[in-house]
Amino acid sequence: MNKTQIKILMTDDHPMIIEGYQNTLLSTKKEDQELIIDIAANCEESIKAITKSIAINAPYDLFFFDISIPPTEDGVYQSGVDLASYVRRYVPDSKVVLLTMFNESYRIHNIIKNIKPDGFLIKSDITASELSSAFQAIINFPPYYSGTVNQILKKTLSTGLDVDEVNHEILYLLSQGVKNKDMTHRIHLSLSMIEKRKKYLKEIFNIQDGKDDTLVIAAKKAGFV
C-alpha cells in the first residue's frame, strides 16, 4: 500500500500536552497515512524549524500552534498567531491549526478574520476523539472549528446586530476596563468618535441606563465579547 506522508510541526510549551497530541494522532491515523511529527516548545524553536524546512525544500504539510507560547529572542514573533501569519506568507499551501485556552469572542473573530486557520480548537473542548476527528477533517475538508468556536460564531451571526470591526474592538476594550481616552491610542479614533460609536452601540443593544457595564454585559450575552 502506498502511504501518504504528512509532515507535521507541533509547537506548544507544555511537554505533556504535546506528547498527548502526538500519541493521539499516531494511534488514530488511517492505514494509508504516515505521520512525521516534529515538536517545538516556543516561537524560537518553531521559526527555526520552519525556515529550515523551507530552505531544504521540504516544507511541513500541517502546523499546530498553541497561541500562548514564549516569543523569539529578538521579539519579532510573540505568539502562535505570529507564527501562523509567517506560515501563511511563506508556506501558503500548508494547513494551520491554532489551539488556545481562551474563549473570548473578539479575539476568536479577529484571528479567524486575519489568519483564516484551517483548524481552531479550544483546549477545553479537546478529547482524543475530538483531536482525531479534527485532524482528518483538516487534512481533507478544512476548516474545522471546535464546539466553543462554532458556538461563538453562530451566536454572533444569529443576533443580526450591525457591529463592525471597530465597534467590536471598542466592546472588547470596554470589557477589559480600558477608558475612552486610552482607547484613542489603541484604535486611532478621536475621543469624540469613540463616544459616538459607544452611543450607537448602546442604542442597538437597547441599553436603557446608559452604563458601559450594562453594555458589556449585553455584548457578552450576544457573543460579541
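Note that these values count all heavy atoms, side chains included, but never hydrogens, waters or copies made by symmetry.
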[Y] and [X], any side-chain heavy atoms less than 4.5 Å apart:
| X | Y | value |
| --- | --- | --- |
| E169 | R197 | no |
| S94 | F63 | yes |
| D12 | M10 | no |
| I111 | I67 | yes |
| Y86 | V76 | no |
| Y21 | I37 | no |
| S68 | M101 | no |
| Q5 | K7 | yes |

More than 12 heavy atoms of other groups within 6.0 Å of Q176 CD | yes
Within a reach of under 6.0 Å around CD of E203, are more than 12 heavy atoms found that belong to other residues, nucleotides or ligands?
yes
Which atom names give the shortest non-hydrogen contact between [X] and [Y], and what distance separates them?
| X | Y | answer |
| --- | --- | --- |
| P143 | P117 | CB-O, 3.8 Å |
| G119 | I138 | CA-CD1, 3.8 Å |
| I69 | G80 | CG1-N, 3.8 Å |
| K202 | G210 | NZ-O, 2.7 Å |
| D125 | G147 | OD2-N, 3.6 Å |
| I18 | A40 | CD1-O, 3.9 Å |

- request: Examine the side chains of S192 and S190 and answer whether a donor and an acceptor come within less than 3.5 Å of each other.
  value: yes
TODO: Check the pair L153 / I112 against side chain to side chain contact (heavy atoms under 4.5 Å, CB included), numbers first and verdict last.
DONE: CA-CA 10 Å; L153 294 177; I112 289 175; 3.9 Å; yes
- prompt: When hydrophobic residues are tied together by side-chain contacts of less than 4.5 Å, even through go-betweens, does I139 share a cluster with I8?
  reply: yes
- Message: Please tell me whether I39 and V87 are part of a single hydrophobic cluster in this structure, the criterion being side-chain heavy atoms less than 4.5 Å apart.
- Response: no
Partner of F65 under side-chain contact (heavy atoms from CB on, under 4.5 Å), picked from V97, L83, I115, is L83
Carboxylate-amine/guanidinium proximity below 4.0 Å for [X] and [Y]:
| X | Y | value |
| --- | --- | --- |
| D118 | R88 | yes |
| K48 | E44 | yes |
| D38 | K52 | no |

message: Could you go through Y60 and S53, starting from their C-alpha distance and side-chain angles, then the distance that decides it, and tell me whether this counts as side chain to side chain contact (heavy atoms under 4.5 Å, CB included)?
response: CA-CA 7 Å; Y60 291 98; S53 70; 3.7 Å; yes
- prompt: Stepwise, does the side chain to side chain contact (heavy atoms under 4.5 Å, CB included) test hold for V96 with K116?
  reply: CA-CA 9 Å; V96 173; K116 296 180 176 61; over 6 Å; no
(Q) side chain to side chain contact (heavy atoms under 4.5 Å, CB included), that's the test. Do N180 and K198 meet it? Break it down for me. (A) CA-CA 9 Å; N180 288 6; K198 281 178 58 179; 2.9 Å; yes
Discussion item. For F64 and F135, take the angle between the two ring planes, folded into 0 to 90°, and tell me which bin it lands in: parallel under 30, tilted 30 to 60, perpendicular over 60.
Written reply: parallel
